[in-house]
Asks: 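Have a look at this one.
Quick note on labels: first sequence line is chain A, next is B, and so on, each numbered from 1.
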Number of protein chains: 2
Amino acid sequence: MPRIPASERRAALARAALTVIARDGLAAATTRAIVAEAGMPLASFHYAVASRDELLRDVIELVVAAEGVAAGGLLAQAETPRDAIRGALNGYLDHVRSDPGAEQAMFELTQYALRTPELADLPAEQYRRYHELVADLLEAGASSLNIEWSIPVPDLARLMVTLTDGLTLAWLADRDDAAAGVAIDHAADAISAFARAPRIPAVIA
Amino acid sequence: MPRIPASERRAALARAALTVIARDGLAAATTRAIVAEAGMPLASFHYAVASRDELLRDVIELVVAAEGVAAGGLLAQAETPRDAIRGALNGYLDHVRSDPGAEQAMFELTQYALRTPELADLPAEQYRRYHELVADLLEAGASSLNIEWSIPVPDLARLMVTLTDGLTLAWLADRDDAAAGVAIDHAADAISAFARAPRIPAVIA
DNA sequence: GTCTATAATGGGATAGAC
DNA sequence: GTCTATCCCATTATAGAC
């Protein structure tokens, strides 16, 4: 492994760590497992990064960024607010189903960060970004459906993140697709009640 | 420590483990930390229990039982379905606020169990009990408010657990009391839409 | 600059003295 | 039956050979 900049090794290690955590869990993500996944000798680890916890900081940032990419695809075409919410939640659950380990990795990392003084600041920032991301999606959805939300968009965003987290945790625990689908239908009914016709109608192009 | 039955030691170890996990996190709950908390010599650990993972099984059952006790107190007097839902969610969040570590311990244990083949069956059972517990509360609430729920009670129960999990995770991450309170208000609005007057009016005593 | 080899620590589990 | 003392392994981190 000659001549690879430390910054690149660092990024490669973070990606490898995420792969290991998604596959085997955080407890299994030892420095050895991580360098094995990255195809590096053990000593490269501390050459590129000061400590395991410091690498986990990178991993969390990686995960948050990835979540942003995944969320971008959730804004499907829909005729009604209910279908839009329902589609977004189902899309999110499909994403979880397609790679449950990755989603579980997020939760494990968040909980670990909360317990680790050097990382304890990350979860708040992580959720701030989630809320912001979902708020943007809600704004875009309102615009595309020509509706407005009857409660502040940041409030609704937090409620949507609450639902995705809760749906994910329960599904990870019992893998009950049918129950999750039903919960999503009811949640879509409940949340779409916050959509209403705009006070100032949009100009039709 | 003379003459204490193994079953009692086992229970004491499970309680001590939960104390340690709530205070310092699952990763810090080593056999040594657990016996120190329980005031026992290290060798008592494997005398009472075959392995650390086996003790964690007991701990999860302990946690689920404790959650049941906590939930029992959430059925406050309320005039309307909205206030009942709102009161229950606020009561739950107060419980989380009063001992965040204990709540975090639950999540950590669930995630760890999902990653551990010998414990992988527990989370489904855990959530089955939560759903059942909340379903009972919803039935009791409907009866006391003289309403009925417009969707099946098990469906609504899953949605309520989804909300409590989601609210808890976000609050643990950002400790934003105001935002959590607002989210609860909106959630109560949304969920109380599933309450309606009973088709068969209850007999007034 | 890179990696082999090893240090130093802390872990789960147990043998054997009392 | 109980617990001290220890085993042995895996871990993070690093010293020093190339």
Asks: Can you tell me which residue pairs pass the side-chain hydrogen bond (donor to acceptor under 3.5 Å, both in side chains) test with a partner in residues 156-169 of chain A, sequence neighbours excluded?
Replies: A:Y127-A:D165, A:R158-B:D174
Asks: In chain order, what residues pass the salt bridge (charged side-chain N to carboxylate O under 4.0 Å, His left out) check against B:R129, with sequence neighbours excluded?
Replies: B:E125
Asks: Can a donor-acceptor pair under 3.5 Å be found between the side-chain atoms of B:R32 and the base atoms of C:dG10?
Replies: no
Asks: Could you check which residues of residues 45-56 of chain A get a heavy atom under 4.0 Å from DNA chain D? Sort them by number, please.
Replies: A:H46, A:S51, A:R52
Asks: The criterion is ring-ring contact (aromatic ring centres under 6.0 Å, His included); which residues satisfy it with B:F107, sequence neighbours excluded?
Replies: none
Asks: Please report the distance, rounded to the nearest Å, between CG in B:D24 and C1' in C:dG10.
Replies: 16 Å
Asks: Where each residue is assigned the nucleotide of DNA chain C containing its nearest heavy atom, which of A:L42 and B:A28 is assigned the position nearer the 5′ end?
Replies: A:L42
Asks: Could you state the CD-C1' distance from B:E8 to D:dT2, rounded to the nearest angstrom?
Replies: 16 Å
Asks: List the atom pairs, with distances to 0.1 Å, where a side-chain N or O of residues 13-29 of chain B and a protein N or O form a donor-acceptor pair under 3.5 Å, not counting sequence neighbours.
Replies:
| residue | atom | partner | partner atom | Å |
| --- | --- | --- | --- | --- |
| B:T19 | OG1 | B:R15 | O | 3.0 |
| B:R23 | NH1 | B:E37 | OE1 | 3.1 |
| B:R23 | NH2 | B:E37 | OE1 | 3.3 |

Asks: Evaluate side-chain contact (heavy atoms from CB on, under 4.5 Å) for B:H186 paired with A:F194, printing each intermediate quantity in order.
Replies: CA-CA 9 Å; B:H186 294 318; A:F194 294 118; 4.1 Å; yes
Asks: Look at the side chain of B:R9 and decide which nucleotide, out of D:dC3, C:dA13, C:dC3, has an atom nearest to it.
Replies: D:dC3
Asks: So, is A:S44 near the phosphate of C:dC3, with a side-chain N or O under 4.0 Å from OP1 or OP2?
Replies: yes
Asks: Please tell me which of the listed nucleotides, C:dC3, D:dT4, D:dT6, lies nearest to the side chain of A:P41?
Replies: C:dC3
Asks: Can you list everything that forms a salt bridge (charged side-chain N to carboxylate O under 4.0 Å, His left out) with A:D83? Sequence neighbours excluded, please.
Replies: none
